[in-house]
Amino acid sequence: MAKRLYALGRWAAHRRYRVLSMWVLLLALAAGLGTALGGKATTEFSVPGIESQQAQDLLKEKFPQAAGGTARVVFAAPQGAKLSGEQERRAIAATLEEVAAVPGVVNVSDPAKTGAVSRDGTIGYADALFGKPANSVPQSAKDRLADALDPAKKAGLEVELGGTVSTPPAEVGGPAEVVGVVVAFVVLALALSSLVAAGLPLVTALVGVGVGVMTVQFLSRFIEMTNTATVLALMIGLAVGIDYALFIVSRHREQLADPEQDVPDSIARATATAGSAVTFAGVTVIIALAALATTGIPFLTVMGLAAAGTVLLAVLVALTLVPALLGFLGERLRPKSARPGASSPRTQASGRERKPGSWGLAWGRLMTRFPVPVLAVSVLGLLALALPAAGLRLGLPSNETQPASTTQHKSYQLLTKGFGPGFNATLVVVVDGTRVPTTQRATVVEQVAETVGKDPDIATVAPPRATEDGAITVLGVVPKTGPDDQRTTDLVHRLRDQAVTPVTDAGGTAYVAGATAAGIDVSAKLSSALPLFVTIIVVLALLLLMLAFRSILVPLKAVLGFLLSIAAGIGTVVWVFQDGHLTGVFQVAAAAPIACFVPVLLIGVLFGLAMDYEVFLVSRMREHFHHHRDARAAVEHGVERSGRVVTAAALIMAAVFGGFIFNHDPTVKTIGFALTVGVLIDAFVVRLTIVPAVLSLLGRHAWALPAWLDRAVPNVDIEGDSLPRRTTETRKAPLAAEPVRAGKD
């Protein structure tokens, strides 16, 4: 691998104009397609095969009036007044007229006629039913709907919007994300000691992310994907793009500290050595994200593939565009102390022996001198952080978790105040009586309603709504408990076991559906898929790391460390978002179960990022051990040489991910927090602390591989042993400009 990447890096530096032109053209093409022909992302998390989705598909096909998107308009009377007052009634009537005139609305209920008013008469609601699914309602209709609320607002009523149509999409590019990029630049400048060098990883990362995100935007025209997919692609692509470029640029700068090292050879060697680590790490991230397809959940598969495609672009950018830009910069990236006239080569050499991160050497020696206490403190600390994970509950984000200032959150709170917590957990019982004799359909529905109404956890059962032939009937069911309550989950399972019996006995089919039931179904689906997904990740890590380091114990240690990072990361997420600690600091509107796909995403993404640091750090250790056969010195050398870069890479990722913590979307906020905490834990506690301590205890055994396995495993050479030795000619070779030829190449 190293020889091929050496040739690629040298070619990219030599043909730098061509490489740069290719990426600029690709960025322009992707931007044009994504902007002009981009599709529209969905806010719905549909999963084929689960009961709630089967019910939704049935309604779309045979009862579309009940399957359309709903906008719930919630009215609250002014202090000391009631909705039954003359002025309030006129304002509500005028508002409902405006709502009925919104394009796409097919029916609007009247609170006074449907009884949708609280007992104290201060809070009521009206449902506006659209003729198409919520995801298909255009933004122009949503804007018109918001304007339709003006009559009630002018009369002094509080009016808020809920329902499926009002769910806000995830957005990026806010001040917090920009601050994250600025922090990343500062870290790069400190790590590379050069503003020019610091700007290069940012530029190349933005190119890769631009191509990736715009391509995802274009593909959303043909493939249904959630709006979180684009955000995840941006988040992951930007973080790994900066880190991969940093690995190569830092290795190039380190080599140029030798005054006799020429630029072209240094670019090629940096691409061959650090580029090998980037390739292995990138492939690991890509496979981990693509493995999300094993969950069998389409929206999660698309999210994983979108992010994986952006990571692939980040790897390609690091291996081609970065060397090309390094070629443009030439001698400007050489440290000043290594430039002609700065000092003698002897002084340079002695300085290099002492300088490369004296703190890194001191830290490495501390880990190797006291490995047992270091391991005990680190592992116990991670286990303490992981404890809250034992109480993990999964669900789908509701309006309660939207920012407190949003109309969605306010409508949720008003409905809870006026009608109880269960009103926001409304269930839908769908009776498919197609195969039930016509004369029995009404009786069967009555039996279902009676059975459901007798359940102690049911507050009310709405009157049934049926198709003209009575084949499909829908009953709205309001529980006594909220959507995130365990009693509501138990109720859904109980209804599916007991309430549908009259329908099945008559030869029909019944479903318990609705947003709350969908969250329960998706969570169960993901929980059942998680063991297979984790198994694939673990086996993948063992195989790839064994291939990279030709060792058995190093991969085992890496996997155990990764599992500790995951447990601690999930535990921290549960402590903040589910248990409700530090909610003010992180602007969490309400404590609630974790979005059901966050743990799977965290495992897939953090696994790949953890392997980044593992490969980059341990490859320097193995490189030193391979040449000097001193196990303890190899550990210290690896931390000394790579500690600064791994620290910078982790801080950059944390800065990028941390910017998304203050995104208004609760799902994006949770993902950003989970990845930020996970990266910091894995980099500083696991890779820079536990890894050196464990390897120092293992000694030479860490790098051992049985002879039969050694013969079977191919040598990928990430240390660069197969590279040509530097000669006087290569050290003095200038960086040639790309030749200009007449005619075609």
Side-chain angles (χ1 to χ4, degrees), residues 1-38 196-197 199-219 233-234 236-249 251-252 263-272 274-279 281-283 285-286 305-330 332-333 734-745:
M1 178 189 292
K3 290 182 68 174
R4 291 183 174 87
L5 292 179
Y6 179 92
L8 177 62
R10 199 171 186 94
W11 173 85
H14 183 58
R15 304 284 184 180
R16 52 192 178 277
Y17 289 99
R18 186 175 301 179
V19 172
L20 178 60
S21 299
M22 179 193 70
W23 280 106
V24 170
L25 179 63
L26 193 59
L27 177 60
L29 178 63
L33 291 174
T35 303
L37 301 175
V196 175
L200 191 149
L202 278 179
V203 171
T204 56
L206 290 174
V207 170
V209 165
V211 175
V213 171
M214 287 294 99
T215 302
V216 170
Q217 182 69 19
F218 171 66
L219 291 177
L234 171 63
I236 303 301
L238 188 60
V240 301
I242 295 174
D243 275 7
Y244 291 168
L246 169 64
F247 292 160
I248 294 176
V249 173
R251 187 66 176 250
H252 177 55
V263 173
D265 185 63
S266 177
I267 294 174
R269 288 180 182 276
T271 307
S276 293
V278 165
T279 302
V283 169
V285 178
I286 291 168
L305 293 178
T310 309
V311 173
L312 175 61
L313 285 168
V315 173
L316 295 176
V317 165
L319 298 180
T320 56
L321 183 58
V322 170
L325 295 183
L326 292 177
F328 280 110
L329 294 174
R332 279 175 287 182
L333 287 184
L735 181 63
E738 183 174 349
V740 179
R741 302 179 181 178
K744 295 183 179 180
D745 289 337

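A quick note: this is a predicted structure, and the numbers were derived from the prediction, not measured.
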Restricting to non-hydrogen atoms, name the atom on [X] and the atom on [Y] that form the minimum distance, rounded to 0.1 Å.
X: G9; Y: P323; answer: O-CB, 3.8 Å
X: G241; Y: A205; answer: C-CB, 3.6 Å
X: A197; Y: V249; answer: CB-CG1, 4.2 Å
X: A245; Y: T204; answer: CB-OG1, 3.6 Å
X: A270; Y: H252; answer: CB-N, 3.8 Å
X: A272; Y: L5; answer: CA-CB, 3.8 Å

[atom1]/[X] to [atom2]/[Y] distance, rounded to the nearest 0.5 angstrom?
X: L200; Y: L325; atom1: CG; atom2: CG; value: 5.0 Å
X: T271; Y: R269; atom1: OG1; atom2: CZ; value: 11.5 Å
X: I267; Y: W11; atom1: CD1; atom2: CH2; value: 13.5 Å
X: D243; Y: L238; atom1: CG; atom2: CG; value: 9.5 Å

What residues, two or more places apart in sequence or in another chain, satisfy side-chain contact (heavy atoms from CB on, under 4.5 Å) together with [X]?
X: A31; answer: M214
X: A324; answer: R16, V19
X: V196; answer: S194, L329, L333

Short side-chain to backbone donor-acceptor contact, R18 and H14, under 3.5 Å:
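Checked: no pair found.
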Check whether any side-chain heavy atom of L29 lies under 4.5 Å from a side-chain heavy atom of L33, and answer yes or no.
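They are in contact (side-chain heavy atoms under 4.5 Å apart), so the answer is yes.
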Can you find a heavy atom in the side chain of D265 that is under 4.5 Å from one in the side chain of R10?
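SC-SC contact between D265 and R10 confirmed.
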Show the numbers, then the answer: is there a side chain to side chain contact (heavy atoms under 4.5 Å, CB included) between V24 and L27?
CA-CA 5 Å; V24 170; L27 177 60; 5.7 Å; no
Option passing side chain to side chain contact (heavy atoms under 4.5 Å, CB included) with V211 (candidates V216, L26, L206):
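Exactly one option meets the side chain to side chain contact (heavy atoms under 4.5 Å, CB included) with V211, and it is L26.
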Using the side chain to side chain contact (heavy atoms under 4.5 Å, CB included) definition, which of the options L37, T35, V213 pairs with F218?
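Going through L37, T35, V213 one by one, the side chain to side chain contact (heavy atoms under 4.5 Å, CB included) with F218 is satisfied by L37 alone.
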Taking distance alone, no hydrogens or angles, what donor-acceptor pairs closer than 3.5 Å link side-chain atoms of residues 307-322 to residues at least two apart or in another chain?
{"unit_1": "T310", "atom_1": "OG1", "unit_2": "A306", "atom_2": "O", "d": "3.0"}
{"unit_1": "T320", "atom_1": "OG1", "unit_2": "W23", "atom_2": "NE1", "d": "3.0"}
{"unit_1": "T320", "atom_1": "OG1", "unit_2": "L316", "atom_2": "O", "d": "2.5"}

